[in-house]
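Each chain gets a letter, A, B and so on, in the order its sequence line appears, and its residues count up from 1.
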Protein chains: 2
Amino acid sequence: MSFDERKKSRVTLLDVARHANVSRATASLVLRKSPLVGSETRSRVEQAMRDLGYVYNIGAARLRVERSQIIGAIVPNLTNPFFAELLSGIEEVIGETGKVVILANSGDKVERQAMLLQRMREHGVDGVILCPAARTPPALAEEIADWGMPVVQVLRHISFDMDYVGADYAAGMHQAVDYLASLGHEKIAFAAHGPVQSAYQERVDGFRDAMLSKALDPGILIQFPTQLGEIAGATHLLFEQATRPTAVICFNHLVALGLSAGLHDCGLTIGRDLSLIGFDDVADEEAIRPKLTSVSTGPVTIGEMAARLLLERIANPDLPPRRVVNETALHIRQSCGRPA
Amino acid sequence: MSFDERKKSRVTLLDVARHANVSRATASLVLRKSPLVGSETRSRVEQAMRDLGYVYNIGAARLRVERSQIIGAIVPNLTNPFFAELLSGIEEVIGETGKVVILANSGDKVERQAMLLQRMREHGVDGVILCPAARTPPALAEEIADWGMPVVQVLRHISFDMDYVGADYAAGMHQAVDYLASLGHEKIAFAAHGPVQSAYQERVDGFRDAMLSKALDPGILIQFPTQLGEIAGATHLLFEQATRPTAVICFNHLVALGLSAGLHDCGLTIGRDLSLIGFDDVADEEAIRPKLTSVSTGPVTIGEMAARLLLERIANPDLPPRRVVNETALHIRQSCGRPA
DNA sequence: CCTCCTACTTAGATCGATCTAAAATGTTTC
DNA sequence: GAAACATTTTAGATCGATCTAAGTAGGAGG
């Protein structure tokens, strides 16, 4: 890169074209790997690009073409490793196609989510992967449809008219309950947490349903604090129920981590004094002792599937809405035993 | 939104202007909240925008103005909660300014990182927050400077000519070593992990330095596997050293989690049979039992500071390069005791 | 009545790519 | 040698905003 060339704030396609003695149009064709240009011309232009240090300006291109190569991802909480894994899957698949992911954190706030969607619209994203904030009105789906913006819901859903990718929470609950029942447990609690949204509801309903199908009492449902740090301290809630549970199924990995710590603090041995089943099976759960028996929902996979679904939706907007539900798997480790 | 208006693929500023009986220029001034337009005109234009459902097209604007309102963030590993927290801090600060964050995962691969930087350049990002992949050649810094791209290094650094935000790893190591020494430990191991990069080196050097200043042997340096799942299984490495350590300082929270689990598996009691100090103090460490004494580096804060530094750098490219080093704090909990 | 000033408003060029429709070039066919 | 054809190349309009430089209107001052 010579001195003069660096002075120019930006090397444009026109500069490249002039340097290679062709027109702007031809240079553009080379850029887009069109078979129309002759091979000698092509290499001359490519050399010119290298000589001048040309950088493609996607922004300029997208003014003409209807494609920004940007995908949005909105999650309710970034610090939760579960969502980090989800994002990782999304970024992986989107990145492979040469597109780019805009990341945003709704903090589970509906207004903030609306603002972020607006911002993404202004950036002309090709589509959005959205984990809807709790209490998102279903009308949002219609609004989004009006905008003509391709959106895939992940993990939570607010509408059946929009693509959705999630896990089979109900089946996961059945796996957990069936396993505990097979060990002889009858008093099984569900340790819930966080705001109510579709995934929450599905887990609770799945739990109820599974318990009833085993003719067990589905009524032990305990609400734990939202913050990880406070969950351990709230462990006593488990023992303040009308019937004291012999096993607990956790809403997610945060509850599992918290209770695992809290039970230890109470001097109880997990798996002997009380059985514990986690949900989501994030990497950390492998590192707790005793190792946590857990229902895995596969956040990375869900992220990948959501990304793929979105790409298909963008390519073909008239597809009917689809629902993809990832299978859950019960990973049996060491946190469950027979009831005392 | 009426039928005809929806048919038009996009409502432009010109449409708004016509609808409000003003020129495109005036509408643009309203958009940018210029004090030049009369209040009556302003509200007429604003009403027109609402009537037509106008959406600002940042992409078009940025073709004229040198500002894309996009910031890039490149991290080596998204699934590591430490980086997720970092990102959370970045997104928070950047989001407040109305800008947007493009997220990318280098997988700690230099070539992939180069490709991502290129892609971000094509998207015309206003700046990038980069946690350089291990083995990134220092020449990259010059290349970036040639591009004229504002970049802030986080957590790891490859050049002194580029802004940098990190933690005071050396001080953190001193805190950890001093604390253990005060408890009477003399055989202290450093449990390392992952590829060598500046943050790695600083921790190792800090450890050495701290040990030497206490006249202790700084030579017990053990390399653990990269994957969390494999660390626990490698715990035995601790006991295969020439001198068996009575305390271990962990490279990061992954090693701490892994060893905490591994020691439990060996039937050892942490804090009594062996003292353990974590590093990074991610939220999870609160949930391990016994609670982990840990050096906190504050990833969220570092992310916030990096974002602020980048914004300043963008506003004022001629600032001399700055280095911001976040203080570390030793959080004393329950994982350390006197040597057996 | 003319000049000057203030407060708005606007026409038209511009950013850097793509796309259409047409032109230039070279080859083959009759 | 002209017509027909395939292969490359190109001029110029276009996308949707911003910016410059110039315009209009209305009032104050002389």
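For C:dT18, one of the phosphate oxygens OP1 or OP2 lies less than 4.0 angstrom from a side-chain nitrogen or oxygen of A:Arg32. The side chain of B:Arg42 places no N or O atom within less than 4.0 Å of a non-bridging phosphate oxygen (OP1 or OP2) of C:dC8. Close to C:dT18, at under 4.0 Å from its OP1 or OP2, lies a side-chain N or O of A:Ser28. Close to C:dT10, at under 4.0 Å from its OP1 or OP2, lies a side-chain N or O of B:Thr26.
Between A:Glu96 and B:Arg112, none of the side-chain N atoms (NZ, or NE/NH1/NH2) sits under 4.0 Å from a carboxylate O, so this pair counts as no salt bridge. A salt bridge is absent between A:Arg313 and A:Asp126: the closest approach of a Lys/Arg side-chain nitrogen to an acidic carboxylate oxygen does not fall below 4.0 angstrom. Under the 4.0 Å criterion applied to side-chain N and carboxylate O atoms, A:Arg308 and A:Glu312 are not assigned as salt-bridge partners.
Residue whose closest nucleotide on DNA chain C sits further toward the 5' end, between B:Ala25 and B:Leu63: B:Ala25. Comparing B:Leu29 and A:Arg64, the nucleotide of DNA chain C nearest to each residue sits closer to the 5' end for B:Leu29.
Between B:Ala48 and B:Ala20, the closest heavy-atom pair is CB-CB, 3.8 Å.
Rounded to an integer number of Å, the gap from A:Tyr56 OH to C:dA17 C1' is 7 Å. In this structure, B:Leu14 atom CG and C:dG12 atom C1' are separated by 13 Å, rounded to whole Å. Counting to the nearest Å, the P atom of C:dT25 and the CD atom of A:Glu40 are 16 Å from each other. Protein atom CG of A:Leu31 is 14 Å distant from nucleotide atom C1' of C:dC19, rounded to whole Å. Between the CE atom of A:Met49 and the P atom of C:dA17 there is a distance of 9 Å, given to the nearest Å. The distance between atom CG of B:Leu13 and atom P of C:dA11, rounded to the nearest whole Å, is 13 Å. The CZ atom of A:Arg24 sits 8 Å away from the C1' atom of D:dG12 (whole-angstrom rounding). Look at CG on A:Leu52: it is 15 Å from C1' on C:dG16, rounded to the nearest Å.
Contact annotation for A:Ala60: base contact, defined as any heavy-atom pair under 4.0 Å involving a base atom. Nucleic acid contact class of B:Ile58 (heavy atoms, under 4.0 Å, all strands): none. Among the heavy atoms of the strands, none lies under 4.0 Å from A:Arg62.
Nearest to the side chain of B:Thr41, among D:dT18, C:dT9, C:dC19, sits C:dT9. Distances were taken from every side-chain heavy atom of A:Leu36 (C-beta onward) to each of D:dT9, C:dT18, D:dG16; the shortest belongs to D:dT9. Closest approach to the A:Arg10 side chain among C:dC19, C:dG16, C:dT10 is made by C:dG16 (side chain taken as heavy atoms from C-beta onward).
At most 12 heavy atoms of other shown residues, nucleotides or ligands fall within 6.0 angstrom of atom CD in B:Glu66.
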